[in-house]
Amino acid sequence: MSIVRVALDVPLPKLFDYLAEGAGRADIGRRVIVPFGQRRQVGLIVELAQASEVPAAQLKAVIAIDRDLPPMPAEWLKLARFAATYYQHPLGATLLSLLPPALKRLRPPRAEAPTAYVLTAAGLAHIPEINPRAKAQRQLAERLQQGPLPVSEAGPWRGQLRLWHRTGWVEAAETMPASPATPSAKPELTPDQAAALAAVRAAPAGFAAWLLHGVTGSGKTEVYLRLIEEALAAGRQALVLVPEIHLTPQTEAAFRNRFPSARQISLHSGLADGERLRVWRACLDGRVDLVLGTRLAVFTPLNRLGLIVVDEEHDASYKQQEGLRYSARDVAVWRARQLDIPIVLGSATPALETWRNAARGRYRRLELSARAHAEAVLPAVKLIDTRVDRPRLGLSASLIRALQDRLARGEQSLLFINRRGYAPTLYCNACGYVVPCPRCSAHQVLHRKGEKFELRCHHCGLLTRPPEVCPDCGSPDLRPAGQGTQRLEETLATQFPEARILRIDRDTASRRGAFAAMREAVNARAVDILVGTQIVTKGHDFPHLTLVGVLGADQALLSPDFRATERLFAQLMQVAGRAGRAGRPGEVLVQTGYPGHPLYRALQAHDFARFAAQMLKERREMEFPPFSHQALLRAEAERIDVALAFLDKAKQAGLALARQHGVSLFDPTPALLARVARRERAQLLVQAGSRGHLQDFLGPWLEAVRGLPARTLKWSIDVDPLDF
DNA sequence: AGCACGCCGACT
DNA sequence: GTCGGCGTGCTC
């Protein structure tokens with residue numbers, strides 16, 4: 001009787017042994033259903049064993065091995081094991097969280113009816129044999145030869161398609177139907193692009209990590225496309241990671257137009273379970289050439305992977321903030337190394353970690369310095385000193401003049417303000433009281449809803465009606481304080497009654513398709529002034545935009561988070577890149593009370609290298625990443641002292657180990673946002689000089705932490721944390 | 001994580 | 001006298 005070692009979705013760092021008659025090597029990586037305690041669980045076979053340490057009498061037998069699905073490949077299991085180990089997450093919980101949700105259900109889900117069909121090789125071979133009198137069949141075959149046929153367009157052919165599906169002449173098309181039959185034209189390469197491509201081509205085959213550094217508009221995408229083209233031509237697959245779903249539709253279309261014959265899929269958390277399963281299955285079967293997706297796509301099982309691209313590699317959304325807290329960028333680099341293939345990390349403002357890796361020669365840097373359109377020059381960045389030119393309702397006189405200019409010339413402007421809602425707070429003019437969220441350590445944000453106002457907490461979602469009088473002193477003189485996108489929109493409407501204004505933030509762009517519609521409106525010049533949060537900074541071209549105004553940027557400079565400046569710089573570079581793309585020079589006006597700040601100087605010079613050098617110098621002095629490696633033990637409880645006491649015990653339990661491994665344990669502190677939804681959060685920082693030391697320490701330490709009583713609290717470990 | 005077992009307060 | 005509170009301990 002064989003014994004299989006099964007990974008289960010339980011928070012225990014161990015495998016469970018089961019008897020499985022007739023199980024063999026071919027079952028490693030297969031889904032199983034096993035009895036577990038009083039219930040049944042879905043698991044994954046990860047090893048075979050001759051004997052078990054568990055007494056034979058306690059071993060139960062597997063209920064079923066799912067052989068309908070190909071086993072998860074060894075490479076994938078290895079990748080998942082790495083992630084589990086590196087991010088200190090139980091292997092079972094890791095593996096099961098990486099499967100499509102549908103496969104975690106006990107009842108192996110039936111693959112849903114396809115939404116489109118393609119001809120199989122067998123189907124193609126069958127075509128000549130179709131009876132010439134069977135007109136409908138001939139027509140259908142002809143149509144299928146032109147490409148995938150969506151069921152929605154199949155009309156009366158539906159029955160025939162189902163029949164052919166059963167005979168194997170057609171199959172479900174996981175890949176989106178290619179739009180044009182002929183690939184879109186390849187633009188001519190700029191010298192920088194050509195040089196970058198030449199460098200990659202000249203490198204010996206195998207693993208290499210490339211940092212493609214180029215400002216917005218310098219044509220990074222074209223470099224990706226050429227490299228993908230070569231990978232596809234060599235019969236390999238390409239995996240392209242992008243930060244967020246908003247980005248996928250247009251990137252998706254660009255890729256499909258360029259590689260109409262490639263089988264392309266998109267993978268992100270917005271997909272319905274059935275769709276996600278189908279796409280996954282297609283990858284597992286090797287029926288996909290090009291995968292475009294958000295962070296979770298880094299774990300797609302692919303057997304011919306030849307190239308990985310991580311676009312906007314600095315973006316924080318690559319880091320998962322719960323469960324397995326992985327960084328898709330870092331996992332991608334590991335995967336490329338494991339598969340011995342190249343990986344390209346692209347950004348105008350690389351993460352300082354990445355920049356330093358390039359400086360140390362671990363990654364190789366490729367520079368795109370010029371904008372792809374020769375006539376498009378980098379925008380001039382000017383600072384408006386708000387100590388002199390005091391903004392009224394957020395707008396300085398200089399910014400108003402600049403807006404007037406664009407309106408007069410029929411050009412578009414964008415005002416960037418990273419605060420949604422009407423005003424960040426509602427305060428009492430008599431006593432200074434500010435309405436707090438009763439459940440979080442944060443102020444409630446004033447939102448306008450039609451003619452009415454409401455208070456919302458951006459952390460826990462609490463929605464309340466604004467008080468009529470100050471809850472503290474009874475004064476009726478309550479006022480909005482500061483600016484949000486809604487209020488700015490309102491101010492602009494009074495200031496420029498003739499202007500067409502559009503606000504883009506999470507509140508207006510969250511509806512499906514809303515974002516695309518707004519982008520279209522802007523491109524059709526149905527908008528004069530755009531007001532937006534960071535959502536507008538992400539990879540969208542607005543060709544008629546010549547002015548970008550930045551409001552409220554200083555806030556990040558005062559943040560206690562040591563990465564806040566890095567993020568602000570990236571955001572400002574990105575938003576500046578929106579201005580002046582179609583030959584007209586763009587202008588960026590930043591309102592600030594600190595015009596002498598080095599961040600702004602570097603921004604004016606469009607000099608990332610200078611900014612990075614400054615930041616790295618500071619980081620080195622402070623022994624912050626990338627000059628150290630961190631992990632955060634987070635704890636949350638109903639009371640902060642409970643969380644802090646737990647962390648203190650954890651610290652005591654780790655002191656000896658820490659000394660032994662040369663690792664520093666800091667004192668437990670309340671989190672920057674100490675209370676969210678009535679839960680008090682605290683954290684303990686672990687810092688080490690190298691990844692190795694940190695890793696060596698974390699394993700045994702967490703084992704000890706797991707033994708600590710933690711009845712009324714939840715804790716988790718975050719390796720390479722981004723948020724504090 | 002679930003789920004059962006187990007020992008102390010207000011109810012048909 | 002029971003129903004049920006959630007403390008603690010285990011799951012191959």
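Naming convention: chains lettered A, B, ... in sequence-line order (proteins, then strands); numbering from 1 in each chain. As the structure is a computational prediction, the values presented were derived from the model and not from experiment.
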> Any salt bridge (Lys or Arg N to Asp or Glu O under 4.0 Å) pairs touching residues 294-310 of chain A, not counting sequence neighbours?
Replying inline: D289(A)-R304(A)

>> Please check this pair: side chain of T425(A) against backbone of H443(A), looking for a donor-acceptor N/O pair closer than 3.5 Å.
In response: no

> Roughly how many Å is it from OH in Y18(A) to P in dC12(C), rounded to a whole number?
Replying inline: 5 Å

> Roughly, in whole Å, what's the span from CG in L96(A) to P in dG2(B)?
Replying inline: 13 Å

> Quick one: W715(A) CH2 to dA1(B) C1', roughly how many Å, whole number?
Replying inline: 14 Å

> Rounded to whole angstrom units, what separation is found between the CD atom of Q41(A) and the C1' atom of dC10(C)?
Replying inline: 13 Å

>> Side-chain N or O of R711(A) versus OP1/OP2 of dT8(C): is the shortest distance under 4.0 Å?
In response: yes

> Whole-Å distance between dC10(C) C1' and R39(A) CZ?
Replying inline: 11 Å

>> Any base atoms under 4.0 Å from F36(A), or only sugar-phosphate, or nothing? Heavy atoms, all strands.
In response: base

>> If I take atom CD in residue Q38(A) and atom C1' in nucleotide dT11(C), what distance separates them, rounded to the nearest angstrom?
In response: 9 Å

> Once you round to the nearest 0.5 Å, how far does OG1 of T294(A) lie from NE2 of H268(A)?
Replying inline: 7.0 Å

> Once you round to the nearest 0.5 Å, how far does NZ of K78(A) lie from CZ of R335(A)?
Replying inline: 12.5 Å

> NZ of K14(A) versus C1' of dC12(C): gap in Å, rounded?
Replying inline: 7 Å

>> Near DNA chain B, counting only heavy atoms under 4.0 Å, which residues of residues 45-65 of chain A show up?
In response: none

Mind listing the side-chain donor-acceptor pairs of residues 653-673 of chain A below 3.5 Å, one per line with the distance, residues two or more places apart or on another chain?
from: D667(A); atom 1: OD1; to: K651(A); atom 2: NZ; distance (Å): 2.5

> At what distance, to the nearest 0.5 angstrom, does CG of D718(A) lie from CD of E322(A)?
Replying inline: 11.5 Å

> Looking at H314(A), E353(A), E313(A), which hits side chain to side chain donor-acceptor pair (under 3.5 Å) with R329(A)?
Replying inline: E313(A)

> Whole Å only: how far is the CD atom of E322(A) from the C1' atom of dA1(B)?
Replying inline: 15 Å

>> Just to be sure I understand the rule, does L12(A) reach a base, reach only the sugar-phosphate, or reach nothing, if contact means heavy atoms closer than 4.0 Å?
In response: base

